[in-house]
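Working notes, beginning with the structure itself.
Bear in mind the structure is a predicted one, so any value in this text is a computation, not a measurement.
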Amino acid sequence: MSYKNHEELKYNFQQVSPLLIALGDPIRQIIIMELLKQNSCDGIQVNDFVGPTHLSRPAISHHLKILKDVDVIGLKKDGTKNFYYLNPTIPHLSILKKVIDDINSTKTGN
């Protein structure tokens with residue numbers, strides 16, 4: 001890998017690092033799977049995650065904030081109620097794909 005490509009890969013890793021950290025947590029993976037399972041356009045509330053995660057509402061809210069901060073999920077407010085949904089256009093996924101492609105190209109010698 002050339003020096004220029006190495007620097008680009010390093011930069012891309014820095015860009016996707018928060019996303020990878022957010023996705024790497026087992027509780028946040030459960031939250032994402034619940035959102036996929038519910039498949040509700042209206043979103044779901046914090047209480048809907050209590051059973052699957054076995055966590056308190058404040059703990060779930062912490063995990064939801066992390067996922068929201070990296071744009072994996074979005075939030076809709078309806079009065080005092082918050083509804084969470086999967087973001088259909090997660091911003092850094094294209095960069096993550098580029099990182100994976102760059103790594104794969106070095107393994108194959110391209």
Side-chain angles (χ1 to χ4, degrees):
M1 178 177 280
S2 73
Y3 177 74
K4 182 181 181 221
N5 290 344
H6 182 268
E7 289 300 313
E8 181 182 350
L9 180 60
K10 181 179 172 183
Y11 175 78
N12 286 341
F13 264 128
Q14 290 170 345
Q15 295 300 303
V16 298
S17 183
L19 176 63
L20 294 172
I21 290 167
L23 295 177
D25 183 89
I27 296 297
R28 292 190 281 274
Q29 292 168 9
I30 291 170
I31 289 170
I32 291 168
M33 289 186 288
E34 285 301 308
L35 287 166
L36 286 168
K37 191 187 315 178
Q38 295 292 331
N39 197 23
S40 171
C41 294
D42 297 328
I44 58 179
Q45 294 183 282
V46 172
N47 284 338
D48 296 317
F49 300 109
V50 170
T53 62
H54 306 289
L55 294 177
S56 67
R57 287 181 48 142
I60 294 165
S61 292
H62 166 76
H63 288 286
L64 289 168
K65 180 184 180 324
I66 291 169
L67 290 170
K68 187 175 174 302
D69 287 348
V70 295
D71 293 322
V72 170
I73 64 173
L75 169 67
K76 286 191 269 188
K77 293 181 180 248
D78 183 10
T80 60
K81 297 177 182 178
N82 293 330
F83 295 90
Y84 296 90
Y85 60 92
L86 281 174
N87 182 357
T89 57
I90 301 169
H92 287 102
L93 283 184
S94 61
I95 298 172
L96 180 56
K97 184 183 179 325
K98 173 121 175 62
V99 167
I100 292 167
D101 291 346
D102 287 347
I103 292 169
N104 281 335
S105 72
T106 62
K107 289 187 341 188
T108 60
N110 293 335

Response to the item:
To the nearest 0.5 Å, atom CD1 of I100 lies from atom CG of N12 at 11.5 Å

Fill in: Shared hydrophobic cluster for V46 and I66 (ILVMFWY, side-chain gaps under 4.5 Å)
no

Fill in: Transitive ILVMFWY side-chain link V70 to Y11, under 4.5 Å
no

Response to the item:
For D101, the side-chain hydrogen bond (donor to acceptor under 3.5 Å, both in side chains) test, sequence neighbours excluded, returns K97

Atom pairs and distances, side-chain donor-acceptor, residues 21-28, under 3.5 Å, sequence neighbours left out:
| from | atom 1 | to | atom 2 | distance (Å) |
| --- | --- | --- | --- | --- |
| D25 | OD2 | I27 | N | 2.9 |
| D25 | OD2 | R28 | N | 3.2 |
| R28 | NE | A22 | O | 2.9 |
| R28 | NH1 | H63 | ND1 | 2.9 |

Show me the side-chain donor-acceptor pairs of residues 88-95 shorter than 3.5 Å, one per line, residues at least two apart or across chains.
| from | atom 1 | to | atom 2 | distance (Å) |
| --- | --- | --- | --- | --- |
| T89 | OG1 | N87 | OD1 | 3.3 |

Discussion item. Determine whether a donor-acceptor pair (N or O, by modelled atom type, separation under 3.5 Å) exists between the side chain of S105 and the backbone of D102.
Written reply: yes

Worksheet item: For the atom pair CD1 (I32) and CG (L67), what is the distance rounded to the nearest 0.5 Å?
Response: 5.0 Å

Worksheet item: From L35 CG over to I44 CD1, what is the distance, rounded to the nearest 0.5 angstrom?
Response: 4.5 Å

Practice prompt. Please list all pairs passing the salt bridge (Lys or Arg N to Asp or Glu O under 4.0 Å) test where one or both residues lie in residues 54-67, with sequence neighbours left out.
Written response: K65-D69

Discussion item. So, using side chain to side chain contact (heavy atoms under 4.5 Å, CB included) as the criterion, who are the partners of K68 when residues are at least two apart?
Written reply: I73, L75

Discussion item. What verdict does the side chain to side chain contact (heavy atoms under 4.5 Å, CB included) test give for F13 and I103, after you've listed the backbone C-alpha separation in whole Å, the side-chain angles of each residue and the deciding distance to 0.1 Å?
Written reply: CA-CA 11 Å; F13 264 128; I103 292 169; 3.8 Å; yes

Fill in: Evaluation steps, side chain to side chain contact (heavy atoms under 4.5 Å, CB included), between Q45 and F83
CA-CA 5 Å; Q45 294 183 282; F83 295 90; 3.6 Å; yes

Worksheet entry | With E34 via side chain to side chain contact (heavy atoms under 4.5 Å, CB included) - residues at least two apart | I30, K37, Q38, F49, P52

Worksheet item: What residues, two or more places apart in sequence or in another chain, satisfy side chain to side chain contact (heavy atoms under 4.5 Å, CB included) together with S56?
Response: P58, A59

Worksheet item: When rounded to the nearest 0.5 angstrom, what is the spacing between OG1 in T53 and CD1 in I31?
Response: 6.5 Å

